[in-house]
Number of protein chains: 2
Amino acid sequence: MSLPHAILTALLEKPSSGLELTRRFDRSIGYFWSSTHQQIYRELGKLEQAGRIRALPAAVPARGQKKEYEVLPAGREELAAWVALPEDPRPVRDPLLLRMRAAAVVGAEGMDAELRRHLTLHESQLAEYREIEERNFTPAPTSDEDRLRYLVLRGGIDLETFWISWLTRSIADLDG
Amino acid sequence: MSLPHAILTALLEKPSSGLELTRRFDRSIGYFWSSTHQQIYRELGKLEQAGRIRALPAAVPARGQKKEYEVLPAGREELAAWVALPEDPRPVRDPLLLRMRAAAVVGAEGMDAELRRHLTLHESQLAEYREIEERNFTPAPTSDEDRLRYLVLRGGIDLETFWISWLTRSIADLDG
DNA sequence: GTAAGCATGTAAATAGTTACATGATTGG
DNA sequence: CCAATCATGTAACTATTTACATGCTTAC
């Protein structure tokens with residue numbers, strides 16, 4: 001049940017319309033909790049009905065018309081409660097690792113090219129994170145808020161670094 | 001659409017009943033594609049109906065009776081085709097990183113304890129992987145199949161190592 | 001006035017989770 | 001016989017994805 005909380009977080013950072021949220025999910029928040037516009041619109045509807053957010057008065061409630069939302073106190077409380085809740089790490093579900101394991105049984109035809117392809121994808125994702133780091137967290141942040149945000153970004157950087165080094169090792173290993 | 005392929009892989013490694021598969025998903029295959037027995041039974045039914053697997057003749061088709069499955073040629077072909085197919089990495093969806101980002105907005109109450117809790121979880125998962133490494137891949141494997149399986153396990157080891165180092169850094173950073 | 005793109009949505013299908021139901025086997 | 005455990009399954013719900021529908025705004 002993380003999507004509503006991802007949306008609340010994004011809206012607290014800045015009130016937005018559905019499409020703006022979708023854009024931001026493609027960039028920042030979505031790096032750690034991805035979503036599509038369909039899911040977002042549906043969830044916005046539910047959150048509004050539950051009294052956690054509301055449409056800004058200016059907005060005309062018509063189709064095709066932009067509609068901006070802001071978080072209500074109940075929404076902020078809900079989010080704070082969720083943050084304090086313990087939650088175990090999700091079990092891993094990774095198609096590439098699974099395919100490699102399947103390849104051990106039916107043959108690794110094409111694996112090498114696929115690993116190289118993933119390598120470039122992860123390299124470009126890492127470059128994107130590095131740019132954000134340069135732009136927003138250099139020099140190192142001092143406020144508590146920004147230190148937390150920087151740690152999240154470090155998570156992304158370290159995760160991509162893990163993939164790059166694992167892929168590099170695997171490619172070398174299969175070549176040899 | 002990875003679950004059926006995870007099941008085909010597991011059944012090729014060793015024909016099994018639904019419950020045996022469930023057990024194996026709790027240990028080996030499930031480290032990279034987790035699942036529950038409900039999903040597994042449902043998927044076994046579909047795979048059987050699609051002619052990719054079949055129940056071993058010995059099995060009585062009654063409730064409460066053990067029913068073993070083996071993979072048919074069509075199932076092996078299906079799996080080989082899937083392995084050769086390109087598939088992009090999944091977008092990340094991690095509740096802990098998301099909660100940390102939310103904490104930047106509503107306050108990091110309780111974050112420290114939660115990070116420490118995750119640290120011990122990841123440490124124990126790493127220890128489990130290390131045991132498997134010791135047991136099955138020491139000395140280093142020489143066959144192609146086992147080299148692939150070892151790379152998959154290395155993926156798990158490196159992933160846990162990433163989490164441990166990120167969590168350790170984050171805990172230190174929030175303390176300071 | 002019409003095409004391109006902005007903006008919000010609906011519908012249907014698939015995937016995954018949670019809770020419960022039912023029968024078989026074995027040890028006391 | 002009764003409890004525990006093995007074993008298979010159903011039902012209902014929630015989450016996610018994919019495909020499509022509709023109205024508005026702006027630039028030509």
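Numbered from 1 within each chain, the chains take letters A, B, ... in sequence-line order.
- Put simply, the side chain of Glu13(A) never gets that close to the backbone of Ala10(A): no donor and acceptor are under 3.5 Å apart.
- The list of ring pair (Phe, Tyr, Trp, His ring centres under 6.0 Å) pairs with a residue in residues 94-116 of chain B, not counting sequence neighbours, is empty.
- Judged by distance alone, with hydrogens and angles left aside, the side-chain atoms of Arg147(B) form a donor-acceptor pair with the main-chain N or O of Asp173(A) at under 3.5 Å.
- Thr9(B) contributes a side-chain N or O that, together with a main-chain N or O of His5(B), makes up a donor-acceptor pair within less than 3.5 Å.
- In this structure, NE2 on His37(A) lies 11.5 Å from CG on Leu44(A), to the nearest 0.5 angstrom.
- Applying the ring pair (Phe, Tyr, Trp, His ring centres under 6.0 Å) definition to pairs two or more places apart or across chains, those involving residues 154-176 of chain A are His122(A)-Trp163(A), Trp163(A)-Trp166(A).
- The nearest whole Å value for the distance from the CD atom in Glu20(A) to the P atom in dA7(C) is 7 Å.
- Here the C1' atom of nucleotide dA7(D) and the CD atom of Glu68(B) are 12 Å apart, to the nearest Å.
- Heavy atoms from other residues, nucleotides or ligands lying under 6.0 Å from CD of Glu109(A) number 12 at most.
- Dashed line: the shortest gap from a side-chain N or O of Tyr41(B) to OP1 or OP2 of dG9(D) is not under 4.0 Å.
- Looking at residues 78-89 of chain A, you'll see that no heavy atom sits under 4.0 Å from any atom of DNA chain D.
- Judged by distance alone, the side chain of Ser34(A) and the main-chain N or O of Phe25(A) form no donor-acceptor pair under 3.5 Å.
- A donor-acceptor contact shorter than 3.5 Å is absent between the side chain of His118(A) and the backbone of Ala113(A).
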Base-contact (B) and sugar-phosphate-only (S) positions in nucleotides 13-19 of chain C, heavy-atom cut-off under 4.0 Å, - elsewhere: --SBBBB

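- In this entry the distance linking CG of Leu44(B) with P of dT8(D) reads 9 Å, nearest Å.
- In this entry the distance linking NZ of Lys66(A) with P of dG5(C) reads 18 Å, nearest Å.
- Salt-bridge annotation for Arg116(B) and Asp175(B): present, with a side-chain N of the basic residue lying under 4.0 Å from a carboxylate O of the acidic one.
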Watson-Crick or G-U pairs under 3.5 Å in DNA chain D, rendered as dot-bracket with [ ] for crossing pairs and | for another strand: ||||||||||||||||||||||||||||

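- Every residue meeting the side-chain hydrogen bond (donor to acceptor under 3.5 Å, both in side chains) condition with Asp146(B), not counting sequence neighbours, appears here in chain and number order: Arg149(B).
- Here dT8(D) is the nucleotide among dT8(D), dG9(C), dT8(C) with the atom lying nearest to any side-chain atom of Leu19(B).
- Within the 4.0 Å cut-off from OP1 or OP2 of dT8(C), at least one side-chain nitrogen or oxygen of Ser17(A) is found.
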